Amino acid sequence: FRLPRFEAERGAATPRPAVWPGFRASFASYLTMERVGLVLLFIALYKIGDEILFSMVTPFLMRGLGVTKGQYAWIAGIVGAAGTIVGTMAGGYWIKAVGLRRAIWPLTLLMNLNIWVYVWLAWVRPDPATTGGIATIALVHGYEQIAGGLGSAALLVYLLRTCKPEYKAAHYAIGSAIMTLFATAFGGLGGRIVEQIGWLNYFLVAFAATVPAMAMLPFVPLFDEPAKTAVQPTP
């Protein structure tokens with residue numbers, strides 16, 4: 001009851017558009033943004049390396065390194081959760097302070113370069129039965145969650161900037177669905193890939209997958225203000 005109201009509530013007298021024509025109009029307007037094909041591909045690929053990594057973090061820690069269920073419970077539930085919150089909040093503050101155009105490159109690099117920490121972890125394989133080993137694993141996991149949170153903040157803000165005010169809810173739904181395409185499609189393929197090439201090479205593949213989005217970044221329109229319609233629809 002005390003939450004702020006960001007828009008007026010619809011009363012009984014407020015006309016409500018039919019669902020299908022409204023969806024068609026919102027989807028068509030989303031496709032009128034500047035360089036729409038490039039933008040949609042960028043949204044789909046931006047976190048692809050982080051998603052490849054994240055999909056197999058739990059099996060790697062528990063099966064690859066031998067982390068126990070009890071150890072993993074506090075690593076994921078405390079260290080990991082705190083890292084995600086801190087990273088996402090820090091990323092949002094960073095973007096607010098300097099703008100998306102200046103923040104997106106360092107946020108992207110921090111998110112993607114963290115994969116090399118897992119490459120190192122797969123190389124040295126610290127022993128979780130020792131204090132130093134489990135501390136190292138927890139530190140790496142926490143750092144990965146912070147870095148992933150930074151990238152998530154960048155992608156979320158970018159996604160919100162593509163939403164036009166008149167269709168903001170529908171555009172966000174479309175964009176967020178595109179954002180999760182790879183993670184949904186990838187599914188259980190990670191385990192099969194690890195069986196074929198091993199953990200270290202798997203994480204190298206994850207980093208290689210980050211290159212396309214970074215290569216696209218100089219050419220993608222960065223909407224520092226709410227996105228404007230490139231092609232005005234006919235009234």
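Predicted model only: the values in this text are computed from it and were never measured.
For residues 123-151, no pair satisfies salt bridge (Lys or Arg N to Asp or Glu O under 4.0 Å), with sequence neighbours left out. Screening residues 46-66 for salt bridge (Lys or Arg N to Asp or Glu O under 4.0 Å), with sequence neighbours left out, gives Lys47-Asp50. Annotation: side-chain hydrogen bond (donor to acceptor under 3.5 Å, both in side chains) contacts involving residues 75-98, sequence neighbours excluded, comprise Thr84-Gln145.
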Run the side-chain donor-acceptor check on residues 190-207: report pairs under 3.5 Å with partners two or more places apart or on a different chain.
from: Asn201; atom 1: ND2; to: Ile197; atom 2: O; distance (Å): 3.0
from: Tyr202; atom 1: OH; to: Ile52; atom 2: O; distance (Å): 2.6
from: Tyr202; atom 1: OH; to: Ser55; atom 2: OG; distance (Å): 3.1

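For the pair Tyr72 and Pro128, the minimum side-chain heavy-atom distance is 4.5 Å or more. Under the 4.5 Å side-chain criterion, counting only non-hydrogen atoms from C-beta, Val39 is in contact with Pro221. By the 4.5 Å heavy-atom criterion applied to side chains, Ile104 and Val157 are not counted as neighbours. By the 4.5 Å heavy-atom criterion applied to side chains, Met33 and Lys164 are counted as neighbours. Between Trp105 and Leu109 the shortest side-chain heavy-atom distance falls below 4.5 Å.
Connection of Val124 to Ile134 is established within a shared hydrophobic cluster, with ILVMFWY side chains joined at heavy-atom distances below 4.5 Å, either directly or through further cluster members. In the hydrophobic clustering of ILVMFWY residues, with side-chain heavy atoms under 4.5 Å counting as a link, Leu139 and Leu113 come out apart. Under a hydrophobic clustering in which Ile, Leu, Val, Met, Phe, Trp and Tyr are joined whenever their side-chain heavy atoms come within less than 4.5 Å, directly or via other members, Met179 and Leu222 fall into the same cluster. Tracing side-chain contacts under 4.5 Å through hydrophobic residues (I, L, V, M, F, W, Y), one reaches Leu110 starting from Met216; they form part of the same cluster. The cluster map of Ile, Leu, Val, Met, Phe, Trp and Tyr, joined by side-chain heavy atoms under 4.5 Å apart, puts Val98 and Val220 in the same cluster.
Separating the SG atom in Cys163 from the NZ atom in Lys168 is a distance of 9.5 Å, to the nearest 0.5 Å. Atoms CG and CG, from Leu45 and Leu155 in turn, are 11.0 Å apart once rounded to the nearest 0.5 Å. Put simply, CD1 on Ile174 and CG on Leu40 are 9.5 Å apart, with the number rounded to the nearest 0.5 Å. Rounding to the nearest 0.5 Å gives a distance of 6.5 Å between CD1 of Ile178 and CG of Leu181.
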(message) Using side chain to side chain contact (heavy atoms under 4.5 Å, CB included), reason through Trp116 and Val119 one step at a time and then give a plain yes or no.
(response) CA-CA 5 Å; Trp116 283 96; Val119 173; 4.1 Å; yes
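Residues forming a side-chain contact (heavy atoms from CB on, under 4.5 Å) with Val57 (at least two apart in sequence, or on another chain): Leu53, Leu61, Tyr118, His141.
Arg35 places a side-chain N or O within donor-acceptor distance of the main-chain N or O of Phe219, the cut-off being under 3.5 Å.
Applying the 4.5 Å side-chain rule to ILVMFWY residues, one finds Met89 in the same cluster as Ile85.
For the 3.5 Å distance criterion, the side chains of Tyr46 and Thr210 fail to qualify, holding no donor opposite an acceptor.
Ring pair Phe42/Tyr158: centre-to-centre distance below 6.0 Å.
Annotation: Phe54, atom CZ; neighbour count of heavy atoms from other residues, nucleotides and ligands within 6.0 Å does not exceed 12.
Pro218 and Ala215 make their closest contact through CD-O, 3.3 Å (heavy atoms, listed as atom of the first residue, atom of the second, distance). Listed here is the closest heavy atom pair of Thr136 and Pro126: CG2-CG, 4.3 Å. Pairing each heavy atom of Met214 with each of Thr108, the nearest pair is CG-CG2, 3.9 Å. The shortest non-hydrogen separation linking Ala138 to Ile75 is CB-CG1, 4.2 Å.
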